[in-house]
There are 2 protein chains.
Amino acid sequence: MAVTLAEVAAACNVSTSTVSRALTDPEKVNAETRTRIERVARQLGYAPSRAGRSLVSGRTDTVGLVVPDIANPFFPPIIKSVQARARDKRYAVLIADTDEHVADELELARGLSRQVDGLILASPRTAPAELTRLAQQLPVVFVNREVEGAGSVVIDENEGMQEAVEHLVSLGHRRITYLAGPRRSWSNQQRRDALSKACADNDVELRELGPFEPQIQAGMRAADLLQSSEVAAAIAYDDLIALGVMSRLTERGMQVGREISVIGIDDSPLSTVTHPMLTSIHVPAAELGSAAVDLLLNQLHDDETPTTTVKLETRLVIRGSTGIPPENLR
Amino acid sequence: MAVTLAEVAAACNVSTSTVSRALTDPEKVNAETRTRIERVARQLGYAPSRAGRSLVSGRTDTVGLVVPDIANPFFPPIIKSVQARARDKRYAVLIADTDEHVADELELARGLSRQVDGLILASPRTAPAELTRLAQQLPVVFVNREVEGAGSVVIDENEGMQEAVEHLVSLGHRRITYLAGPRRSWSNQQRRDALSKACADNDVELRELGPFEPQIQAGMRAADLLQSSEVAAAIAYDDLIALGVMSRLTERGMQVGREISVIGIDDSPLSTVTHPMLTSIHVPAAELGSAAVDLLLNQLHDDETPTTTVKLETRLVIRGSTGIPPENLR
DNA sequence: CTGAAAGCGCTTACAG
DNA sequence: CTGAAAGCGCTTACAG
């Protein structure tokens, strides 16, 4: 077994109380004693038992993170920044992946809730009332979704959408198809609303196809639907769908960026792998994660439930997948 | 606070011992009492405190997983399968991402070691002696690396490499360039050796460029080096490098699959996003993860340190990025 | 089959 | 500034 407080105490000829204090609240201990204890503790390789500490403190120093799909490139940067920030603050991170199964989301969150001080749910799809109830049971912060009675960190897609529509309009497009994300996705609604507004402002006709799951395969399906329509510009719910569209269209001999323009959302690293590269609305994923941790830790330490919503800006990153539409489709 | 054993006991008019037994070792309790306790526990929403249980059992029911880079699409499937298998066995998973910083690897592993029963290290780059020492301190299973004195799950790249080289030879290639991975990477050595052997067997000339980090950007750098060489076939250390190569070559106007053939390793979902799609050596990522969990849990329960090495097969998946070389480069 | 008691490793009032 | 004692929530021999 590992070295215990008692062993350190014995080696120092002091009580466990003193060792405990020396290590957690150094002020309260005589400087000499403290140095001696610190030295011995180091020599023995002492590390406090999480279980012991947790039992008395009631805290776990761990936060839980629930994501829909680690394999979706949108989430790794968020996970990374959550971990980095949590680590800075001496918290461990327990991760659960729902594999896009909405039904498991709440169950996984509840499962984690026994072992963590607070929870971060990224892009949850569970019904709002359930989320509000969850947030009443323990500190929870939502990423990519606003929930009544809980803190959240969301994206303001308006700016990016406005830029995207203006960009297409400046190229000569007058019609845009939205390739919708999952029906019950909160951010799908946000994105659709933002796009809808931007189109109205710019006098652009908006159509819609979908819903599509945020996966490359679904994008390929979208491509075929898109090709049989009369629209030369598409904005997809996310990069994966956009990439699937591009891949499939290219395979079918179309020139993306010339015959058809495609815009994604997320600006994931993948946007630069394809040829042409994908024009995409940039989402500050890393900030999403660290802001969520900050919000959660505030809540843990202040012991109140702030319903703050942090909003992060988006902007368009123009690459090769958008261009002037063919004559007949202007 | 949450409901405790004592509260359940009080509500049932029995001792905490009995409640504890009823819930963990039902055989030992009178059937009627047990049912009553179970019902009350459920009504009260009782869930055992991990800390309390952990303190007496000495176990945490948690395993740690250290990966070099969650954002590398090779790892998410492994993480997912580790989580799924661990969850089946009632273990939680604590994840740490080293961000490709070799120096942090051991530190993160040691940090986790206080809070877990065992550790899985995926594609570690730390020196062998250190890894062996770590494995002496707690149960550890290595993925993608063989370590003396510890269990590991690795890939046998021979089969896939052999197929890859034969495939290129059958198309008419006589020269292949290996785009090497990180210098100290164990699997880079394995892959190079397998390729080297396959080339010798097939009388193919082997060249090498690199090392390259497993990232798309590095692949773009590789592309430029490759283009100025006289070789029409490249096998990359992984898909990311291969994708970077393709992206950059396409951008520079070359026809991948005709003027130059590119093969990746991992067969990640990205292989199908590009055009042409990437020919790649398939690695059974999901099995890598679940086999690692199985090995680790065996070790935890048997309390011995098996040095078993599980080897998983690879095979070539042919797509559009490989083809007949130009006349002058056969 | 059940209960009282000890103990896992720690922290924290309470005395001194 | 330091120590003895109680207690966090649980499990597990030990009696009965």
Side-chain angles (χ1 to χ4, degrees), chain A residues 1-42 44-62 90 92 113-117 138 301, chain B residues 1-42 44-62 90 92 113-117 138 301:
Chain A
M1 271 306 290
V3 184
T4 86
L5 248 202
E7 300 179 53
V8 178
C12 292
N13 269 317
V14 293
S15 72
T16 57
S17 325
T18 304
V19 178
S20 174
R21 273 189 293 258
L23 266 24
T24 56
D25 209 347
E27 314 281 274
K28 295 193 175 167
V29 172
N30 175 301
E32 261 179 59
T33 329
R34 189 206 316 158
T35 356
R36 187 156 48 94
I37 293 175
E38 282 167 348
R39 186 165 41 74
V40 173
R42 200 165 331 109
L44 264 44
Y46 170 75
S49 146
R50 288 238 169 194
R53 177 173 283 183
S54 175
L55 199 51
V56 15
S57 70
R59 295 180 299 109
T60 60
D61 296 323
T62 303
R90 324 255 121 195
S113 72
R114 318 284 181 197
Q115 329 170 32
V116 302
D117 295 336
L138 84 167
H301 300 141
Chain B
M1 271 306 289
V3 184
T4 86
L5 248 202
E7 300 179 52
V8 179
C12 293
N13 268 318
V14 295
S15 72
T16 57
S17 324
T18 303
V19 178
S20 173
R21 273 190 292 258
L23 266 23
T24 56
D25 209 347
E27 314 282 273
K28 295 193 176 167
V29 171
N30 175 299
E32 261 179 58
T33 330
R34 190 205 317 157
T35 0
R36 186 158 48 94
I37 293 175
E38 282 167 348
R39 186 166 41 75
V40 173
R42 201 167 329 110
L44 263 44
Y46 170 75
S49 146
R50 288 238 168 192
R53 178 174 282 182
S54 175
L55 198 52
V56 15
S57 69
R59 295 179 300 108
T60 60
D61 296 323
T62 303
R90 325 254 121 193
S113 72
R114 318 285 182 196
Q115 329 171 33
V116 302
D117 295 336
L138 84 167
H301 300 142

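All chains are named by letter (A, B, ...) in the order of the sequence lines, taking the proteins before the strands, and each is independently numbered beginning at 1.
Looking at B:V8, B:T33, B:N30 one by one, the single match for side-chain contact (heavy atoms from CB on, under 4.5 Å) with B:V14 turns out to be B:T33.
Straight-line distance from the CD1 atom of B:I37 to the C1' atom of D:dC10: 15 Å, rounded to whole Å. Taking atom NZ on B:K28 and atom P on C:dT2, their separation rounds to 13 Å, with Å as the unit. Distance, A:L55 CG to D:dA6 C1': 13 Å, rounded to whole Å. Rounding to whole angstrom units, CZ of residue A:R59 and P of C:dG9 are separated by 20 Å. In this structure, A:E32 atom CD and D:dC1 atom C1' are separated by 12 Å, rounded to whole Å. Summarising the geometry, the separation between CZ on A:R34 and C1' on D:dC1 is reported as 12 Å, rounded to the nearest angstrom. The interatomic distance linking A:R114 (CZ) with D:dC8 (P) rounds to 20 Å, in whole Å.
Between C:dC10, D:dC10, D:dG3, one nucleotide has an atom nearer to the side chain of A:T4 than all others, and that is C:dC10. In this structure, of C:dG3, D:dT2, C:dT2, it is C:dG3 that holds the atom nearest to the side chain of B:S15.
Among the atoms of the strands shown, none is found under 4.0 Å from any heavy atom of B:S54.
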A:R50 vs B:T60, test: side-chain contact (heavy atoms from CB on, under 4.5 Å). Steps then yes/no. CA-CA 10 Å; A:R50 288 238 169 194; B:T60 60; over 6 Å; no
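Base-pairing analysis of DNA chain D finds the following stems of at least three consecutive Watson-Crick or G-U pairs, with both pairing distances under 3.5 Å: C:1-3 with D:14-16, C:5-12 with D:5-12, C:14-16 with D:1-3.
Nearer to the 5' terminus of DNA chain C, by closest-nucleotide assignment, is the contact made by B:N13 (compared with the other of A:A6 and B:N13).
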Going 5' to 3' through nucleotides 11-16 of chain D and flagging B where a protein heavy-atom sits under 4.0 Å of the base, S where only the sugar-phosphate is that close, and - otherwise, we get BBB---
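Side-chain atoms of A:S57 come within 3.5 Å of backbone N or O of A:R53 as a donor-acceptor pair. A:T62 places no side-chain N or O within donor-acceptor distance of the main-chain N or O of A:V116, the cut-off being under 3.5 Å.
Minimum heavy-atom separation, A:C12 to A:R36: O-NH1, 2.7 Å. In terms of heavy atoms, A:I37 sits closest to A:V19 at CG2-CG1, 3.9 Å. Heavy-atom minimum distance, A:R21 versus A:V29: CB-CG2, 3.7 Å.
Side-chain polar atoms of B:T18 and B:S15 form a donor-acceptor pair below 3.5 angstrom.
By the 4.5 Å heavy-atom criterion applied to side chains, B:R90 and B:D61 are not counted as neighbours.
Regarding contacts with the backbone of D:dG9, every side-chain N or O of B:S49 stays at 4.0 angstrom or more from both OP1 and OP2.
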